[in-house]
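Okay, so here's the structure we're looking at.
All residue numbers refer to positions in the sequence shown, counting from 1. This is a predicted model, so every value here is computed, not measured. Atoms considered below: every heavy atom in the structure, side chains included; atoms not considered: hydrogens, waters and symmetry mates.
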Amino acid sequence: LTALEAGRVSLPLPLVEAHVTSYVLNKFAADSEHNDSLSSGKNLYTIGWKNKDVKLSANNTISGKVAFVPFAKSADFMLIQLEDHLLFVDLKDESVKTKKVKSMDQTYPLYEVEIKDYKLQDSNVVTKGDANELSTVMNQIATLLSSAEIIGASSQILDMTVEYTKERKQFGQEIAKFQAIKHKAA
């Protein structure tokens, strides 16, 4: 229901990513400070869905790029998969840079995140092992929530269109009464 309404109003926040992150935290790190921070709204979370080349070095730092990260500029933390682990990256850290990339949907801004020698702490790691299976479940949840947002947006567009056809007049009557308009609306 939340995703439907978010779609109706084109909510400019990473709702899908927040819900997926919440699922992961509740399943694997319920007592984590990140769980408290997310549920209280203190911090904004996103997910790096396209982690292609982030690598862990011998000195326990990570470096690389993550493509198409939604709302990275305004988010505080990004959840990424690194090998068979899920971990958080502090997007406000000086070793992390964001760069806006072009996208069709301006209400859903995408960024490339470059990480250079980001020092990993134990508190960054959400899961060790099973990240591949969990990644599949995360994608399924995200698909379901994104679909609900799209249905909400479509419903709002239809409502606005019907309202407009009742208000707009042509040849002295509402255009909603014209058969051609009725067929297109159906």
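Under the side-chain contact (heavy atoms from CB on, under 4.5 Å) rule, Val69 has a single partner from Glu17, Lys50, Met78, which is Met78.
By the 4.5 Å heavy-atom criterion applied to side chains, Lys166 and Val162 are counted as neighbours. Looking at heavy atoms from C-beta onward, Leu15 lies out of side-chain contact with Leu145 at the 4.5 angstrom threshold. Using a 4.5 Å heavy-atom cutoff, the side chains of Gln81 and Asn132 are in contact. Looking at Asn60 and Lys119, their side chains come closer than 4.5 Å, going by heavy atoms from C-beta outward. Side-chain atoms of Ser63 and Ile115, non-hydrogen and from C-beta on, never get closer than 4.5 Å to each other. Using a 4.5 Å heavy-atom threshold, the side chains of Thr21 and Phe88 count as touching. In this structure, the side chains of Asp159 and Arg8 come closer than 4.5 Å at one or more pairs of heavy atoms. At a threshold of 4.5 Å between non-hydrogen side-chain atoms, the residues Tyr111 and Thr46 do not count as touching.
Counted within 6.0 Å of CD on Glu133, heavy atoms from surrounding residues, nucleotides or ligands total 12 or fewer; the atom is thus considered open. Residue-environment remark: CD (Gln106) exceeds the threshold of 12 foreign heavy atoms within 6.0 Å.
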In sequence, state the C-alpha distance, the side-chain angles, and the governing distance for Val126 and Ser32, and then conclude on side chain to side chain contact (heavy atoms under 4.5 Å, CB included). CA-CA 9 Å; Val126 180; Ser32 160; over 6 Å; no
*side chain to side chain contact (heavy atoms under 4.5 Å, CB included) between Val89 and Val66, intermediate numbers included*: CA-CA 11 Å; Val89 173; Val66 184; over 6 Å; no
- Task: Dump the intermediate steps for side chain to side chain contact (heavy atoms under 4.5 Å, CB included) on Val96 and Val113, then the final yes or no.
- Result: CA-CA 7 Å; Val96 179; Val113 176; 3.6 Å; yes
* To do: In sequence, state the C-alpha distance, the side-chain angles, and the governing distance for Lys73 and Lys100, and then conclude on side chain to side chain contact (heavy atoms under 4.5 Å, CB included).
  => CA-CA 8 Å; Lys73 190 75 169 174; Lys100 191 163 179 21; over 6 Å; no
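Contact record, Val101 with Phe68: CG2-CD2, 4.1 Å, taken as the closest heavy-atom pair. When all heavy atoms of His19 and Thr2 are compared, the pair lying nearest together is NE2-CG2, 4.2 Å.
Summarising the geometry, atom CD belonging to Glu33 is positioned 10.5 Å from atom CG belonging to Leu25; distances are rounded to the nearest 0.5 Å. Here the CD1-NE2 distance, from Ile80 to His85, works out to 11.5 Å after rounding to the nearest 0.5 Å. Atom-to-atom distance recorded for His34:NE2 and Lys42:NZ is 10.5 Å, nearest 0.5 angstrom. Expressed to the nearest 0.5 Å, how far OG of Ser37 lies from CG of Leu44 amounts to 9.5 Å. Here CD of Glu83 is found 6.0 Å from CG of Leu56. Values are rounded to the nearest 0.5 Å. Rounded to the nearest 0.5 Å, atoms CD (Glu149) and CG (Leu144) are 11.0 Å apart.
If you chain together hydrophobic residues whose side chains sit under 4.5 Å apart, Leu91 and Leu87 fall into the same group. Following chains of ILVMFWY side-chain contacts shorter than 4.5 Å, one can reach Trp49 starting from Leu38, so the two form part of one hydrophobic cluster. Cluster membership for Phe77 and Leu79, using ILVMFWY side-chain heavy atoms within less than 4.5 angstrom, is shared. In the hydrophobic clustering of ILVMFWY residues, with side-chain heavy atoms under 4.5 Å counting as a link, Ile141 and Leu134 come out together. Leu120 and Phe28 end up in different hydrophobic clusters when Ile, Leu, Val, Met, Phe, Trp and Tyr side chains are linked at under 4.5 Å.
Judged by distance alone, with hydrogens and angles left aside, the side-chain atoms of Thr127 form a donor-acceptor pair with the main-chain N or O of Leu86 at under 3.5 Å. Side chain of Tyr45 to backbone of Pro14: no donor-acceptor contact under 3.5 angstrom is found. Side chain of Asp53 to backbone of Gly64: no donor-acceptor contact under 3.5 angstrom is found. Judged by distance alone, the side chain of Thr61 and the main-chain N or O of Ser57 form no donor-acceptor pair under 3.5 Å. Side chain of Ser155 to backbone of Ile151: no donor-acceptor contact under 3.5 angstrom is found. Judged purely by atom type and a 3.5 angstrom limit, Ser22 has no side-chain atom pairing as donor or acceptor with the backbone of Ala18.
Side-chain contact of Ser39 with Asn35: a donor-acceptor pair under 3.5 Å is absent, judged by distance alone. A donor-acceptor pair shorter than 3.5 Å cannot be found between the side chains of Asp105 and Ser103.
Judged as a ring pair (Phe, Tyr, Trp, His ring centres under 6.0 Å), and not counting sequence neighbours, the contacts of Tyr108 are Phe71.
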